[in-house]
Amino acid sequence: MSLSSNAFEDNQVQRAWWKEASVYQIYPSSFKDSNGDGFGDLGGVIEKLDYIKTLGVDIIWLCPIYQSPQVDMGYDISNYKEIDARYGTMDDVDDLIAGLHARGLKFLMDLVVNHTSDQHEWFQQSRSSKDNTYRDWYIWRDPKYDSQGNRQPPNNWSSYFGGSAWEYDSASNQYYLHLFDKTQPDLNWECEEMRSAVYETVRWWLNKGVDGFRLDVINLISKDQSFPDATVLDANQLYHHGCEHYANGPRIHEYLQELGGILDSYNAFSVGEMPWVSDPEEILKVVGYDRKELNMIFNFDIVDMDHGASGKFSPKDWQMSDLKSIVSKWQTFMYGNGGWNALYLENHDQPRTVSRWASDSAEHRTLAAKMFATFLGLQSGTVFLYQGQELGMSNIPEHWEMSEFRDLETLNHWDELCEIRPDDKDLQVITKQQYHIKSRDNARTPMQWNSDNHAGFTTGDPWFRVNDTYDICNAASQVGVPGSPFEYWRAILALRKQMLDIFVYGDFNIIDAEHEDIFAYTRTFKGHTVLVACNFRQHDVDWKLPTDMKLDELLISNYAGAEIDEGIVRMRAFEAFAYIQKDHASLSRL
Ligand code: NOJ
């Protein structure tokens with residue numbers, strides 16, 4: 001597929017409401033507790049709707065609130081049509097939808113249909129006997145036997161939360177597949193009745209007033225039915241990453257077209273989570289405007305950039321050149337070919353950006369938060385902002401012990417490491433440092449509302465320790481305060497709306513692609529250009545302004561505007577700005 005140099009003129013960049021929207025993600029357990037039990041809840045979200053509206057987003061995405069044993073914080077659903085008591089009731093959901101719609105905001109539910117909880121009635125039935133009508137709703141396979149006659153799982157796939165991806169069921173002498181925890185059995189999408197039940201659930205929520213879905217690991221639903229062994233990349237491991245056999249598997253587009261047809265008939269918003277697929281041609285089959293599958297997807301290229309050779313919790317220094325080629329690849333490919341990007345740096349699975357890729361020191365944290373807002377918020381795509389990102393919240397402090405961590409991914413990883421390498425203290429120290437950089441727990445500490453007890457998150461005992469930084473980083477000290485990360489994000493989101501043609505629909509080009517410190521790009525619409533530049537370093541960098549660029553009219557900056565002398569811009573620590581080129585400032589639609 002070739003890139004078009006003038007996609008807008010060729011009418012390949014169609015306008016759509018969901019392209020112009022920005023999304024705010026809420027992790028309900030950690031957002032706001034309204035009843036003092038220490039867990040965030042729906043009442044808490046309702047209390048904060050005006051805060052969200054003030055920020056200037058258009059949509060909220062709520063992580064799962066369905067009934068769940070909460071082994072994986074709600075990504076293990078035991079009933080798709082009930083609300084977990086921890087969060088409230090179905091009446092609260094109705095109130096939330098009404099409150100959102102009254103403010104002109106839309107509502108996305110998190111749809112988890114690659115797997116359910118093992119407590120779901122469907123699985124209870126399925127595991128009850130081989131003859132049960134639900135048996136085929138999950139993935140059951142016979143054991144393999146090795147040369148000594150020992151029983152083995154059907155293949156060598158690993159689970160993302162440690163160990164084999166297969167769990168043995170002695171009652172039927174079969175294994176079931178679970179790509180995540182053993183309490184999260186994978187649904188069998190080959191089974192038509194199961195698919196119909198999922199589609200019925202989707203319609204049920206849309207009829208209730210939900211405006212769309214974020215679809216959890218949706219590209220894993222179609223597995224190669226011969227269940228081949230994964231390629232062995234590390235012979236020291238017992239189980240291996242089998243994603244080549246199920247990430248965008250054989251029937252993925254057929255299933256997504258079935259699902260997409262329903263979503264399209266409701267004009268619903270859809271964003272699919274799609275790990276382990278980096279081929280834009282393949283992703284375009286999902287998000288191409290005429291494909292009617294999903295509006296956009298989350299790809300993992302940026303957030304996997306610092307995963308080392310032995311996985312997420314092994315160290316790797318990321319390179320500016322990698323970041324530039326990733327961003328450039330997705331931005332230009334999608335623009336030129338009628339696709340669309342979901343823009344994100346943080347979510348409930350990713351740590352805080354300022355700590356991970358910049359600095360959370362007292363001197364630099366807010367500058368860095370605003371630099372990332374400029375970097376991300378002015379790109380082409382739909383912006384996703386995760387709770388606390390608008391405040392520049394940081395990772396959990398280094399002095400917190402292992403006993404403070406709560407997430408099963410980190411805890412399982414630690415247990416496995418201590419079991420397999422009990423005497424390797426050096427590796428244990430390095431791995432603990434990595435948890436402080438990349439554990440999912442970093443993003444899950446309670447939202448910092450003010451400097452009161454427990455950051456104003458709860459009047460009770462918080463389920464998860466509040467980050468020590470709450471007295472210096474909280475919403476009360478930022479809303480309405482010029483120069484705060486909150487107000488900066490608000491300005492960025494407003495700018496996107498004011499200059500829709502450029503920032504939503506404009507072309508994207510990397511500038512000075514070889515530069516190791518400065519990330520610069522332009523957005524252009526019908527010859528009208530904005531230059532965006534970001535210093536990713538915590539020291540000054542002298543940047544030679546490309547000769548065809550000018551710093552004419554300042555749109556936004558995290559300093560008071562650029563310092564330039566004879567064509568050299570002195571970019572200060574984490575400085576970021578956007579300037580419109582003067583010749584073009586009169587664009588009528590701006
Ligand atoms: C992706 C979700 O974002 C993550 O939190 C969850 O653990 C896995 N999918 C399994 O549902």
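Positions are given from 1, in the same order as the sequence printed here. Indexing begins at 1, ligand by ligand and atom by atom, following the structure's order. What you see below is based on every heavy atom in this structure, not just the backbone, and it leaves out hydrogens, waters and symmetry mates.
Applying the salt bridge (charged side-chain N to carboxylate O under 4.0 Å, His left out) test to pairs two or more places apart or on separate chains, none has a residue in residues 114-126.
Of the N and O atoms on the side chains of Gln387 and Ser30, not one donor lies less than 3.5 Å from an acceptor on the other residue. No donor-acceptor contact under 3.5 angstrom links the side chains of Trp340 and Ser380, judged on distance only. In the model, Ser34 has no side-chain atom that pairs as donor or acceptor with a side-chain atom of Glu47 under 3.5 Å.
At a heavy-atom distance under 4.0 Å, only side-chain atoms of Glu273, from C-beta outward, approach ligand 1. By the criterion of a heavy-atom distance under 4.0 Å, neither the backbone nor the side chain of Gln350 is placed next to ligand 1. Of all the heavy atoms of Phe161, the ones lying under 4.0 Å from any atom of ligand 1 belong exclusively to the side chain. At a heavy-atom cutoff of 4.0 Å, ligand 1 is contacted by the side chain of Arg440 but not by its backbone.
Interface of His348 with ligand 1, defined as ligand atoms under 4.0 Å from a residue heavy atom, comprises 2 (C), 3 (O), 4 (C), 5 (O). Less than 4.0 angstrom separates some heavy atom of His115 from each of these atoms of ligand 1: 10 (C), 11 (O). Listed by number with element, the atoms of ligand 1 under 4.0 Å from a non-hydrogen atom of Arg444 are 5 (O). For ligand 1, the atoms lying closer than 4.0 Å to a non-hydrogen atom of Asp349 are 1 (C), 2 (C), 3 (O), 4 (C), 5 (O).
Evaluation of the ring-ring contact (aromatic ring centres under 6.0 Å, His included) rule for Tyr87 yields no partner, not counting sequence neighbours.
For the pair Arg141 and Tyr175, the cation-pi test (distance below 6.0 Å, angle within 45°) is failed. Cation-pi geometry between Lys106 and Trp61 is not met: the NZ or CZ atom fails to fall both under 6.0 Å from the ring centre and inside 45° of the normal.
The nearest non-hydrogen atom to atom 7 (O) of ligand 1, considering only Asp72, Leu220, Asp407, Ile218, comes from Asp72.
The protein atom (non-hydrogen) at minimum distance from atom 1 (C) of ligand 1 is Asp216 OD1, 2.9 Å.
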